[in-house]
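Chain A is the first sequence line, chain B the second, and so forth, proteins listed ahead of strands; every chain is numbered from 1. These figures come from a predicted structure and were not determined experimentally.
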Amino acid sequence: MQQYLLRRIVLLLPTLFLALTAAFVLIRMIPGDAVTVLMDNSQYSKKDYTDLRQQLGIDGSIPVQYGTFMESIVRGDFGKSIWTGQPVMRELITSRLPITLELTFFATLIGMVIGVPAGVIAATKQDSPIDYAVRVVSIGALATPGFWIATLVLVLPSYWWHWAPPFGYKSFVQEPWTHIQQIMIPALIMSLALAAALMRMTRSMMLEVLRQDFIRTARAKGLQSRVVVVRHCLRNALLPVVSITGVQVAILLGGTVIYETIFSLPGVGSYLYEGVSRRDYPVVQGVTIMLTVGVILVNFVVDVSYRLLDPRVRY
Amino acid sequence: MCGIDFAAVNTDISVSLVAARSDTFGRQLLEGIGLKASSYWHARQVSRRRLLKGAAATSASVAIISACGGGDSSSAGSSAVTATANVPKAETAVAKKGGTLNLMWNVADAQMDPHTTTEHFAPELWRAASHGLLKQEAGTQNAVADLATKWEHPDSLTYVFHLDARAKWQNTAPVNGRAVTADDVVYSLKRISTPDASHPRASGFSQVESITVTDAATVTLKLKAPFVPILTPLSDKWTVIVPKEVVDKFGDLKRGDSIIGCGPFICQQAESSKGATLVRNPDYWNSQFPYLDKVVYTTILDADAQQAAYRSRQIDILAVPDLQIDSFKADDTVLYDFPQTWMNLSLIGGPNDRAPFNDERVRHAINLGVDRDAIISAAFPGAKYKTAGVFENEFWGLPADEIAKTPGYGKKTDAEVKDARDLISAAGAAGTEIVLNTTKAYSAYHSDRAEAMIPGLEKIGLKIKLNVMEYAAFKDVESKKQFQMTAATYAAYGDPDTPLYNQFHSTGTRNYWNFSDPTYDAMVTKQRQIDDLNARQQAIYEIQRYLLKGTPMAHDQWYHRTTVAVRKRVHNYLGMNGANSSTAGWFLPGMWVDA
């Protein structure tokens, strides 16, 4: 296990390196830079344009910029936002990341809490009305764009009852009830697609495991149905479900861009969106690093959890 | 003279020239300048110097003048635009103190230094927490008194500003309530006009020779050459007076906690991704203001979310899309119509020195061929409008009736389309494929317009390939002049000089079309020296006529109104605070709310 952990940590480094390089190169491949956008509303001269690019360190050749960028990263300096002048990492860690992590955590939790039990129930009551209902709902949830549901959740109650989720982000410490509404409503909407995917995966895996000989044996031994399903069947069915969850968390993290914009939550997603729109290279790079680390960590936890679910798994 | 006949529209606005901050003060100001119940447009015929003398006579510290309505009978009006206009007026009821005003902001990740940004959030807050030397009145954006209670223009090169002796900074370290002096003004103006790339508004002050302290309460500004538009950069919302100690303490003013001013509000918190909170400055030197205890800005990025926030009573003011107006009619809401005060240019065309636009016939044909009615239906669905020429600003833009008679700008006729097709054929451009660049920025405003103009252009024999670009990419190819044809709007505020100079003067920084015409350059240079407002308006008209005739680019602008929903509990609302603000936080001190 220790060797496995060590190997994973060593593998983390090239993954991070590749992600950083991709973020650095790809954002620069898009036409236009921050200075073009910055100076759009001013009467700038060619000299101003050149000077500002020099000030911001985006005037050199790409290899030179890349070298400077990597050197800064090694020193732990992720730069300052070109637009706000604030250090990117400080902004991310103290302000943005907690919101996005909370949103993603609750979306994942709600998705699992809804999806796994619904999948188990559907499998154990195969071809019953409950099974059909679960399948219809899960297909519906997968087919319906989340941003559309989010828009409806905002618009319709405001038309009908003059109610909308509270805007203007408040931390849990500042205003607990406001915070709960601000996080839980988008988290619930975000969780729908995950819940649907988990429902379908859990159902199909459960159906497969339920037909195995050892389940028949367990039933023959006279074990209670609940024990058979939960202890023997579900545990075996969960491995691919956990894998799917790991992948879905990465998708959820990316999806925060949309939900944070719609619900005006100042998280990592909206930070990235603004960063890309304005060619704020340090922001895009910083967020990419953060998201890459996040996805790697989630998948790491998923891999480790295999062993907990199935002792036969060897690393 | 004015493009829109307000008098034919709304009789209520005949009493509209009233000071916003205080009804008493407003009357004093009116009497001081020899006006009682006159319209703004009537007021404009009073010379600026007389206006200033009047203002000085009142010993007023600050003035916000409502600029509503009125009419000039010489101009045929565009009553279709304004028939139901409800223009906000200064209220005469006794103001109430207390309460919170809830506003919305729609841009995240802006920095807070008003002198180093071209964005709007920083000046919005700074203009509530501090003052400028001057500010701009509602509706017209004309320069009026702010920290400078009066100013003199003894010769064409000199302006002398007299500061309000009562002014003091808020009682917070490092300024601790000290008096605002001429040194602060000079420091701030020099900081804004620092000629380097990180001060994007510096070029507005390029005609300034010197800014000096005459005495503790007097500042003298000398120009290199006569330049009447100088009052615009001096009064715009970015030109905020800031204390040097605060800049020294923080290094810059980019963070919200560096908003420390001499205004009626104290900035308690400001972060553009979340919003801002302003609270009453208990030590404000003009104790009558502000009325509000608190102003809360909430950042809401999504348009649907903004509307939901208004409907759920989380915000008090919101600009409303034309198609949604009916759905905002409610017992607790007043809908105000704002004329366009911007000096934007909206242009269609390409570089005049490259094929096919180097052929004047092609440019004229495009001007004749585009269907402006179809374009506005796409850009502002549901809007009432009249076609404008170069400017949509109702004072500086050419009268709507004149525009309607200008070839290409009236109702599209078969004869015009045939003429355009003939011109294209004569230029040998029939069937030419042209890539038309536009952008999805501003809620598809640009791309919808561009898409709507294609059928008209194809009717005259051109083959248009629409290239919808991401905003920064669009600006990139534009600034490098690597495009064939473009359709876009270019924002400008306050004075027509900036867009006319930047966009079409041979040395203009936004002259992406390489238009070079000595006659035009001379006309633009000349208008900069005309002190008399009406004479200058005529000069600006002539420049527009010249542009419409020569057609370096085709224009698509309209006289129309922006509707703003305002909660009835909000009083004395004169400007577009909050999102889409073309003004600043300087209206906040005069506003109040019912409990």
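Among B:Ala473, B:Ala110, B:Ser206, the residue making the largest number of heavy-atom pairs under 4.5 Å with chain A is B:Ala473. Taking A:Pro157, A:Pro165, A:Ser270, A:Ala164 one by one and counting their heavy-atom pairs under 4.5 Å with chain B, the maximum is reached by A:Ala164.
Neither the backbone nor the side chain of A:Phe263 comes within less than 4.5 Å of any heavy atom in chain B. Contacts of A:Arg96 with chain B are made by side-chain atoms alone, with heavy-atom separations under 4.5 Å and no backbone atom involved. Interface remark: A:Thr151 contributes side-chain atoms only to the contact with chain B (heavy atom separation under 4.5 Å). Residue A:Glu260: no heavy atom, backbone or side chain, is found under 4.5 Å from chain B. Contacts of B:Val477 with chain A are absent, with no heavy-atom separation under 4.5 Å from either backbone or side chain. No part of A:Gln54 comes within reach of chain B, as not one of its non-hydrogen atoms sits under 4.5 angstrom from that chain. Both the backbone and the side chain of A:Tyr271 come within contact range of chain B, with heavy atoms under 4.5 Å apart.
At a threshold of 4.5 Å between non-hydrogen side-chain atoms, the residues B:Tyr310 and A:Ser158 do not count as touching. A 4.5 Å side-chain heavy-atom check between A:Ser264 and B:Lys274 finds every atom pair outside the cut-off. Counting only heavy atoms from C-beta outward, the side chains of B:Glu271 and A:Ser95 approach each other to under 4.5 Å.
In terms of heavy atoms, B:Lys254 sits closest to A:Gly85 at CD-CA, 4.2 Å. Contact record, B:Gln314 with A:Phe167: OE1-N, 2.8 Å, taken as the closest heavy-atom pair. In terms of heavy atoms, A:Trp83 sits closest to B:Glu119 at CZ3-OE2, 3.4 Å. The two residues B:Ala472 and A:Ser277 have their closest heavy-atom pair at CB-O, 4.0 Å. Here the closest non-hydrogen pair linking A:Val155 and B:Asp304 is CG2-CB, 3.8 Å. Residues A:Ile262 and B:Ala305 approach most closely at O-CB, 3.4 Å, considering heavy atoms.
Remark: A:Glu274 CD to B:Ser272 OG distance equals 8.0 Å, nearest 0.5 Å. The OG atom of B:Ser273 lies 7.5 Å from the CD1 atom of A:Ile99; values are rounded to the nearest 0.5 Å. Within the model, atoms OG1 of A:Thr84 and CG of B:Asp113 stand 12.0 Å from one another, a figure rounded to the nearest 0.5 Å. Note that CG of A:Leu154 is 9.5 Å distant from CD1 of B:Ile300, once rounded to the nearest 0.5 Å.
Around OH of A:Tyr159, the count of heavy atoms belonging to other residues, nucleotides or ligands within 6.0 Å exceeds 12.
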**OP:** Test side-chain contact (heavy atoms from CB on, under 4.5 Å) on A:Ser81 and B:Gln111 and set out the steps.
**Re:** CA-CA 10 Å; A:Ser81 161; B:Gln111 54 105 336; over 6 Å; no
